[in-house]
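Note: hydrogens, waters and symmetry copies are ignored here, and every other heavy atom, side chains too, is used. To find a chain, count down the sequence lines: A is the first, B the second, and so on, and within it residues start at 1. Since the model is a prediction, treat every value here as computed from it, not as a measurement.
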Amino acid sequence: MTELKQLYQETILDHNRAPRNFGRLEAPGLQRAEGFNPLCGDRLTVYLHLEKELIRSILFEGSGCAISKASASLMTATVKGRSIASTHELFEAFHRLITGAGTEQDGFVLGKLAVFSGVCDFPSRVKCASLPWHTLMAALKAKETPQPVVSTE
Amino acid sequence: MGRVNNHSAAGVTALGWDVWNIRRDFPILKQKIHGKPLIYLDNAATAQKPHQVIEAVNRFYLEDCSNIHRGVHTLSERATKAYENAREKVRQFINAKSNKEIIFVRGATEAINLVAQAFGRTTVGAMDEIVLSSMEHHSNIVPWQMLCEEKGAHLRVIPMNEEGDLNLDKVNLPFNERTKLVALTHVSNAIGTINPIRKVIEAAHLRNIPVLIDGAQSAPHFRVDVQQLGCDFYVFSGHKLYGPTGVGVLYGKQSLLERMPPYQGGGDMIRSVTFEKTVFNELPYKFEAGTPNISGVTGLGAAIDYVHSVGLEQIEPYERSLTQYALEQLATYPWIRLIGRPRERVSVISFVVDGIHPHDVGTILDQEGIAIRTGHHCAQPVMEHFGLSATCRLSLAFYNTREEIDALVGALKKAREVFSNDGA
Ligand SMILES: Cc1ncc(COP(=O)(O)O)c(C=O)c1O
């Protein structure tokens, strides 16, 4: 049960039950991207409003497992108000964490996101945690070119 | 809990059926996963192999390894004999008229693609129609979609109802003069429905429309007689029938197969080759280009022998009573929702747990040593029909036990505990 407890931490269950920043953003000039996990059929859309280099507001909607929902919820809560550059850094640290390559330094950068440390023991669930982030990365680029649906495959 | 030694009365029947004895034939079932005895409930994805099959494959490589239909030496003769014996076993298994009607392929998927290429491309034209059902596996949708794309033809879909049964009244059988083929699954891999395919075949034949039956999920569970069914093509995979992966069967009526051009070109499928002209080999070799999966075919032959030794007439009632037990157990809990209530079904059961996504259920069950399938089961139209993106699916084989179903229910309760930690 210990690995399970490590995976389904209190915070993750809480964000699964009551996801933050859940909904559809309607604003002129918004950027959006859609993510899809063909393995499980889960879908998620990330909506962004950028102001210069800052993420002014961010919402997501879709259906998914507890890990992907909590990941999207915590992600939106963490990157709101951040610069694009620091969001990229955060993603890199997060990716190292969930694939078991995290460093001590990453721990400081990640803050609350460290609750996903248990994911690396469940290789089949890494994509659940990373899908929201890949979708966010696509949404950040959405202004330049229309983004195809992000797939975890 | 000593599951395997805890001989339940239900596992041993008056007919001499002893599931605990049968389990000894499956070496993989002895192992532990995360410290718990493996409970394998993902048989619709692939079935486990009895040591009789594993040994047949081993024996081929240890003693008979050689190419077939080519050498005059002893090994080649032995390998050829084993390969052709397996063809005869398959013929008997589905009661085909002739060995010429049994084509070895990689699996159900390749068999369907073969028919789409060799039959479909020569028969289907612009504005023609192919009829499928709404409960097809992606492998009985995509090849037809690709064909329609190429030819400018269309797919028509037989709908299903809330229970997960096909709606087969006349209005819903969309046959007309443009219908060139019906491709229908015998049994749904997502919700277990057994379709009344005789009815569809008869209706189609009234209009001279050929019918392909996807038997991937029927061949392992009950006796199939292709002559009695009257289907024109029947496909299945060896690995779901306790045989090796990478081998499957296309059955086709000889008259149709004779008319079809080859699927792939190469060795073995020819009679003579010059740069001016190739004369194709006769059936079934016309459709078996190149060196086939000889060890796999031999293993499939052994799997059919094994199924006969256990006896489909024993397997069917045992699986039925086990399925009934599982349905009753799952229905006890209001937080478990069964997906589909088909009139007739096999031991494939889809369900969802209130408030817990199937993937999370699957991860928690795995920690308890229990293997189920979670996701869309390569049948997204079925998921869409029920308004879901995924389900949990258990699929039982004749080596599963009531104790294992009890353990599954126990693990589902544990999943609820994990998720109610936060007071939900
Ligand atoms: C109903 C059905 N058709 C076709 C297939 C495809 O079989 P294979 O992947 O062995 O080719 C499956 C396998 O899951 C199935 O369940």
Over 12 foreign heavy atoms within 6.0 Å of CD, B:Glu150 = yes

Next on the checklist: Is it true that, when you exclude B:Gln31 itself, more than 12 heavy atoms of the residues, nucleotides or ligands shown sit nearer than 6.0 Å to its CD?
Outcome noted: yes

task = Verify, without hydrogens or angle tests, whether A:Arg125 (side chain) and B:His359 (backbone) share a donor-acceptor contact under 3.5 angstrom.
result = yes

Bottom line for A:Leu7: the part with an atom under 4.5 Å from chain B's heavy atoms is side chain

Verify the distance criterion only: is there a donor paired with an acceptor across the side chains of A:Asp42 and B:His357 at less than 3.5 Å?
-> yes

Between A:Leu13 and B:Val418, the two heavy atoms sitting closest are CD1-O, 3.3 Å

Has A:Lys112 got more than 12 heavy atoms of other residues, nucleotides or ligands less than 6.0 Å from its NZ? no

For this session: Using a cut-off of 6.0 Å, state whether more than 12 heavy atoms not belonging to B:Arg106 lie near its atom CZ.
Result: no

query = Can A:Phe122 and B:Asp366 be said to form a side-chain contact (heavy atoms from CB on, under 4.5 Å), step by step?
reply = CA-CA 10 Å; A:Phe122 296 83; B:Asp366 180 61; 5.9 Å; no

side-chain contact (heavy atoms from CB on, under 4.5 Å) filter on B:Ala216, not counting sequence neighbours, yields B:Ala108, B:Asp214, B:Lys240

d(A:Leu4 CG, B:Asp360 CG) to nearest 0.5 Å is 10.0 Å

